[in-house]
2 protein chains.
Amino acid sequence: MPRSSATRPTRRQREPLSRERIARAALALIDAEGLEACTMRRLGASLGVEAMALYHHLPTKGDLLDAVMELLLDEMDMPTRAEAPPLQRVRRVMRSYWEIAVRHPRAFILLAARRFNTDRAFRLYEQLLEAFADAGLDAAGSARWFRLIGGFASGAGMAYAASSEAVADATSLRLEHAPDRIPYPHVRAVAPYLRVQNLDAGFEFGMDRLMAQLTLELHGERR
Amino acid sequence: MPRSSATRPTRRQREPLSRERIARAALALIDAEGLEACTMRRLGASLGVEAMALYHHLPTKGDLLDAVMELLLDEMDMPTRAEAPPLQRVRRVMRSYWEIAVRHPRAFILLAARRFNTDRAFRLYEQLLEAFADAGLDAAGSARWFRLIGGFASGAGMAYAASSEAVADATSLRLEHAPDRIPYPHVRAVAPYLRVQNLDAGFEFGMDRLMAQLTLELHGERR
DNA sequence: ACCTGAACACCGTTCAAGT
DNA sequence: ACCTGAACACCGTTCAAGT
């Protein structure tokens with residue numbers, strides 16, 4: 001679909017540019033060819049337009065990447081109070097964050113590395129922190145559990161993205177594909193369980209343990 | 001120290017280039033001016049040499065970044081069996097990984113985003129997985145706990161790096177500095193606890209909970 | 001063996017100009 | 001109001017040439 005408009009950039013018959021349309025094209029480009037392929041010139045070309053036309057809708061490349069982040073965050077599950085009990089809401093939000101890494105391994109690093117500065121990002125935080133509060137955590141506890149659970153989700157997503165086939169940077173040794181050539185016995189034994197196919201189960205395992213520990217703490221078993 | 005050789009690149013009196021010397025200069029450049037400032041041209045200049053001279057020691061920029069990663073991994077604590085009980089070893093390794101984010105916030109993303117493909121990285125994995133095995137985990141359990149604890153450490157490090165002053169990309173809204181302007185009550189309440197000064201305590205909190213859950217599991221309280 | 005100079009094919013971004 | 005063309009100051013990398 002972006003292809004068709006790209007192949008013949010007939011000036012008259014294309015819909016006008018917009019921040020959102022540009023961001024969608026950028027995400028498609030990143031998914032298909034990687035973050036480093038997403039240049040203003042190539043993005044313009046994929047929209048049948050000169051690179052400089054983009055600057056009419058986005059003042060800088062940083063704003064473009066922020067727009068792509070918003071698009072990614074739009075894919076997240078944001079359950080409301082009515083939909084599920086607090087800890088289930090936390091879990092669904094985190095699960096959907098992880099799923100962004102699975103669907104967009106080459107774009108996920110934007111979420112992990114860039115500051116969340118858009119209103120949409122703050123709305124997401126609000127929803128999540130509301131769930132923590134509803135579960136019974138105070139502000140300090142919310143901050144800590146947010147860092148713990150969110151840190152895990154982010155790190156797990158990055159690990160998925162890094163070991164995904166879609167990401168470039170492949171070099172000689174590859175943990176997943178040539179474990180027999182690794183001269184370290186523990187690494188060799190564990191490597192099969194770190195394959196990309198097992199990462200989703202690994203994410204669920206991690207979330208299980210984190211939620212178990214949080215539940216324990218909320219019910220006053222410690223401290 | 002890199003400065004002095006940079007200011008006057010008198011060709012005769014400088015020590016010869018090497019992979020390691022170049023990598024050290026690159027890390028210094030990243031620490032001082034950010035990852036995007038670490039270009040072959042500017043790195044060469046900081047060593048009193050043309051950019052092209054670097055290609056004699058490192059075939060490509062990716063190899064340069066791998067060399068920087070090795071330097072970072074060199075800073076990690078790699079306690080041996082003799083030094084501490086297994087879970088303490090896991091904890092020390094993870095703690096030192098986190099400390100790399102604190103010392104090198106602008107370089108840390110290399111560890112989080114690039115594949116670990118050097119021998120040094122595998123040696124680190126081996127040490128860590130040996131500790132998991134010594135603690136009583138089988139290969140599958142080691143993989144899962146490695147992903148959980150490592151994912152948290154990586155995500156926490158990225159969060160530290162992203163909220164560190166040293167990283168560019170600052171835009172209008174800033175969670176830490178203008179919490180009063182955020183129209184979301186839970187975010188506003190939690191924001192003070194997410195300040196960069198509190199992140200180290202947050203890391204320790206997370207590690208405490210993870211180790212507690214792991215200990216519980218090893219002692220057969222669940223499953 | 002190690003470094004340089006010039007060049008190539010790219011970048012993001014500015015600015016004056018076109019419609 | 002929206003887009004283009006040419007230009008500027010950069011990139012990583014190649015290659016022939018210098019010492």
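All chains are named by letter (A, B, ...) in the order of the sequence lines, taking the proteins before the strands, and each is independently numbered beginning at 1. Since we're looking at a predicted model, the values are computed, not measured. As a basis for the values below, the full set of heavy atoms in this structure was taken, side chains included, without hydrogen atoms, waters or symmetry mates.
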Task: From A/Ser164 atom OG to A/Arg106 atom CZ, the distance as rounded to the nearest 0.5 Å - done: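 Atom-to-atom, A/Ser164:OG and A/Arg106:CZ are 7.5 Å apart.
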Return the value, rounded to whole Å, for the distance between atom [atom1] of [X] and atom [atom2] of [N].
| X | N | atom1 | atom2 | answer |
| --- | --- | --- | --- | --- |
| B/Glu50 | C/dA6 | CD | P | 10 Å |
| B/Arg19 | C/dC2 | CZ | P | 16 Å |
| A/His57 | C/dT13 | NE2 | C1' | 17 Å |
| A/Leu47 | D/dT4 | CG | P | 11 Å |
| A/Leu58 | D/dC3 | CG | P | 12 Å |
| A/Leu43 | D/dC3 | CG | P | 13 Å |

Open item on the list: On the six-membered ring of B/Phe205, is B/Arg209 placed so that its NZ or CZ lies under 6.0 angstrom from the centre and within 45° of the ring axis?
Closed with: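 Yes, cation above the ring, under 6.0 Å and within 45°.
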[X]: side-chain hydrogen bond (donor to acceptor under 3.5 Å, both in side chains) partners, not counting sequence neighbours:
| X | value |
| --- | --- |
| A/Arg91 | A/Glu204, A/Asp208 |
| B/Tyr193 | none |
| B/Glu50 | none |

- [ ] Assess whether one donor atom and one acceptor atom, taken from the side chain of B/His56 and the base of C/dC2, lie less than 3.5 Å apart.
- [x]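 Not at all, since no donor on one side and acceptor on the other fall under 3.5 Å apart.
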- [ ] Would you please classify the geometry between the B/Phe203 ring and the B/Trp98 ring as parallel, tilted or perpendicular, with 30° and 60° separating the classes?
- [x]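 B/Trp98 vs B/Phe203 ring planes: parallel.
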Open item on the list: Listing request: all ring-ring contact (aromatic ring centres under 6.0 Å, His included) pairs with a residue in residues 16-66 of chain B, at least two apart in sequence or in separate chains.
Closed with: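 For residues 16-66 of chain B, and leaving out neighbouring residues, there are no ring-ring contact (aromatic ring centres under 6.0 Å, His included) pairs at all.
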Open item on the list: Please give the stem ranges for DNA chain C, sorted by first residue number, where a stem is three or more consecutive Watson-Crick or G-U pairs and both donor-acceptor distances are under 3.5 Å.
Closed with: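 Consecutive-pair runs (3 or more) involving DNA chain C: C:4-8 with D:12-16, C:12-16 with D:4-8.
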Restricting both atoms to N or O, compile the protein contacts to nucleotides 10-12 of chain C shorter than 3.5 Å, with distance only.
unit_1: C/dC11; atom_1: OP1; unit_2: A/Thr39; atom_2: OG1; d: 3.4
unit_1: C/dC11; atom_1: N4; unit_2: A/Arg41; atom_2: NH2; d: 3.4
unit_1: C/dG12; atom_1: OP1; unit_2: A/Met40; atom_2: N; d: 3.3
unit_1: C/dG12; atom_1: OP1; unit_2: A/Lys61; atom_2: NZ; d: 2.8
unit_1: C/dG12; atom_1: OP2; unit_2: A/Met40; atom_2: N; d: 2.9
unit_1: C/dG12; atom_1: N7; unit_2: A/Arg41; atom_2: NH1; d: 2.4
unit_1: C/dG12; atom_1: O6; unit_2: A/Arg41; atom_2: NH2; d: 2.9

- [ ] For this output row, return yes or no: ring centroids of B/Tyr125 and B/Phe132 closer than 6.0 angstrom.
- [x]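 For B/Tyr125 and B/Phe132, the ring centres are not under 6.0 Å apart.
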